[in-house]
Amino acid sequence: MRSRTLALATASGAALLAAAALPASAQQLAHATARPAAKSAGVQEGTVGAADLLAKVKDCQQISNGKYRTDEETAATIPVCGKNGAVFWKADMDVDCDGQITAQCNKNTDPWFQEGTAFEQSDGEPLNAEKLPYVVVPSISGIWDYSKAGIKGGVVAIIYNNKVEYAVVGDTGPDKIIGEASYAAAKGLGIDPDPKTGGADSGVTYILFKNSKASPIESHSDAVSRGDALAKKFLQDN
């Protein structure tokens with residue numbers, strides 16, 4: 001429920017401009033540190049492999065009325081695509097720390113921090129971005145209405161670096177930007193979870209299973225068990 005990408009782009013741009021004045025060897029180092037590289041470690045949840053899921057989402061039947069940006073300064077190139085029982089997109093991953101105040105997610109660690117999430121725990125409290133893998137969907141707009149696509153919370157398979165992680169739909173973001181997930185989701189996939197400078201520039205696939213639900217929403221173990229079953233059905237139906 002925030003927009004951090006322009007500030008991050010400004011900071012990265014400043015670093016690259018400064019690097020241009022350095023010798024070639026120093027420029028290489030500066031470019032390498034402009035945004036931390038994604039970590040190689042990560043979970044593999046469930047029994048369905050990343051390759052099997054990715055094979056089913058090679059082609060896109062666009063269901064959105066337009067396309068999304070991955071960041072405020074980029075062109076709109078990302079469509080929302082439809083499959084039997086799911087919608088999906090391929091984008092980057094910005095890190096969302098909104099929700100409960102924790103050691104890693106608060107106003108000191110995240111300048112864009114907000115103490116709320118669009119979807120709440122079973123007790124009415126905001127979700128915990130540090131502990132719960134969740135995905136952010138774009139707010140409803142003329143481009144796409146996630147609620148009309150059967151996405152009302154629900155279970156998501158996130159695929160990155162040949163790893164599969166299951167999450168829930170937990171928050172909404174800018175209505176023209178796509179590609180964001182919680183601190184816990186990024187960390188679980190071996191992506192730098194720092195809300196200021198972390199994330200992945202590309203290579204993240206999000207498969208959202210229609211009319212699904214983790215019970216309760218804050219139970220990651222339930223999302224994993226339901227997600228694995230939904231992934232198997234997705235492979236059968238597509």
Note to self: Let's go through Lys232 and Asp228 carefully: what are the C-alpha distance in whole Å and the side-chain angles of both, what is the deciding distance for salt bridge (Lys or Arg N to Asp or Glu O under 4.0 Å) to 0.1 Å, and is it a yes or a no?
What the structure shows: CA-CA 6 Å; Lys232 291 175 182 176; Asp228 192 46; 3.6 Å; yes
Item checked: From CG (Asn238) to CG (Asp59), nearest 0.5 Å -> 11.5 Å
Notebook entry, point to check: Are Val57 and Phe209 co-members of a hydrophobic cluster defined by side-chain heavy atoms under 4.5 Å apart?
Noted result: yes
Check: Is there a chain of hydrophobic side chains (I, L, V, M, F, W, Y, each step under 4.5 Å between heavy atoms) that links Tyr166 to Trp89?
Finding: no
Margin query: Can you tell me how far apart CD1 (Ile101) and CG (Asn128) are? Round to the nearest 0.5 Å.
Written below: 11.0 Å
Margin query: How long is the straight-line distance from CD1 of Ile178 back to NZ of Lys90, given to the nearest 0.5 Å?
Written below: 13.0 Å
Margin query: Using the rule that Ile, Leu, Val, Met, Phe, Trp and Tyr join whenever any side-chain heavy atoms are under 4.5 Å apart, tell me whether Leu208 and Leu235 fall into a single cluster.
Written below: no
Check: OG of Ser212 to CD1 of Ile151: how many Å apart, nearest 0.5 Å?
Finding: 6.5 Å
Check: Under 4.5 Å between side-chain heavy atoms, hopping through other hydrophobics if needed: is there a path connecting Ile191 to Val164?
Finding: no
Next item on the list: Would you kindly confirm whether Leu230 and Phe88 end up in one hydrophobic cluster when ILVMFWY residues are joined by side chain heavy atoms under 4.5 Å apart?
Entry: yes
Check: Measuring from Asp192:CG to Tyr183:OH, what's the distance to the nearest 0.5 Å?
Finding: 8.5 Å
Checklist line | Interatomic spacing from CG in Asp194 to NZ in Lys187 - rounded to 0.5 Å | finding: 12.5 Å
